[in-house]
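To keep things clear, I will list the structure first and then write my remarks on it.
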Amino acid sequence: MDGADRAEVDGIVDSKDLQQQSKAFDKLTDRVEDRQLNSTRVQEAMASIAASKEGDLNAMRLREKELAAVKINAADVDIIVNELELDKKVAERTLREHKGDAVAAIRYLLR
C-alpha cells in the first residue's frame with residue numbers, strides 16, 4: 001500500500017471510530033431531542049387551569065357564605081377564647097364550622 005491508499009483507509013477507520021464514539025456519547029448523556037410544543041395544547045391546558053382555579057374560588061366563596069349564615073353565641077366565643085387561649089377569629093370560625101355547637105368545637109380544638 002502506498003501513502004495515499006494508507007491515508008484513505010485511515011480516514012475511513014477514523015470516520016467509523018468517530019461515529020461509534022458519537023453514538024456512545026449520545027447513550028451516555030441520554031440526550032433527548034427537543035420537541036416543539038403544540039400551541040393549541042398549551043392554550044387548552046392553560047384554559048383548563050384557569051377554569052379549575054375559578055371553580056375553586058367559587059366553591060370557597062360559597063363555603064364562606066354558608067359559614068357566615070351560621071348563628072353563634074357570643075358567650076361561647078368568649079369561653080373558647082378565654083379557656084383555650086385562642087384568637088377570637090379562630091374561635092368564631094371553629095364554632096361556625098361546627099354549626100354553633102360549642103361542645104363539638106371545643107372537642108375539635110382539643111384534638
For the student: nearest non-hydrogen atoms of Ala105 and Ile80, plus distance: CB-CD1, 4.3 Å

Any Lys/Arg nitrogen of Glu64 or Arg93 sitting under 4.0 Å from an Asp/Glu carboxylate oxygen of the other? yes

In sequence, state the C-alpha distance, the side-chain angles, and the governing distance for Asp76 and Ile72, and then conclude on side chain to side chain contact (heavy atoms under 4.5 Å, CB included). CA-CA 8 Å; Asp76 292 340; Ile72 57 173; over 6 Å; no

Measure across His98 and Thr94 and return the closest heavy-atom pair with its distance rounded to 0.1 Å. ND1-O, 2.9 Å

Find out if a path of hydrophobic residues (ILVMFWY) with successive side-chain heavy-atom gaps under 4.5 Å connects Val77 to Tyr108. yes

If you compare all heavy atoms of Val81 against all heavy atoms of Ala91, which two are closest, and at what distance to 0.1 Å? CG2-CB, 3.8 Å

Gap separating the CG atom of Asn82 from the NZ atom of Lys88, nearest 0.5 angstrom: 10.5 Å

Pair Arg96 + Glu92: basic N to acidic O under 4.0 Å: no

Assess whether side chain to side chain contact (heavy atoms under 4.5 Å, CB included) is satisfied between Arg63 and Glu66, documenting all intermediate values. CA-CA 5 Å; Arg63 176 72 175 148; Glu66 290 172 356; 4.0 Å; yes

Separation of Lys53 NZ from Ile49 CD1 (nearest 0.5 Å): 10.5 Å

Is there a side-chain contact between Arg107 and Val103 (heavy atoms, below 4.5 Å)? yes

Stepwise side chain to side chain contact (heavy atoms under 4.5 Å, CB included) test for Lys99 and Asp101: CA-CA 6 Å; Lys99 299 187 181 6; Asp101 184 355; 5.7 Å; no

Answer with yes or no whether the hydrophobic clustering places Leu86 together with Ile79; edges join I, L, V, M, F, W, Y residues whose side-chain heavy atoms lie under 4.5 Å apart. no

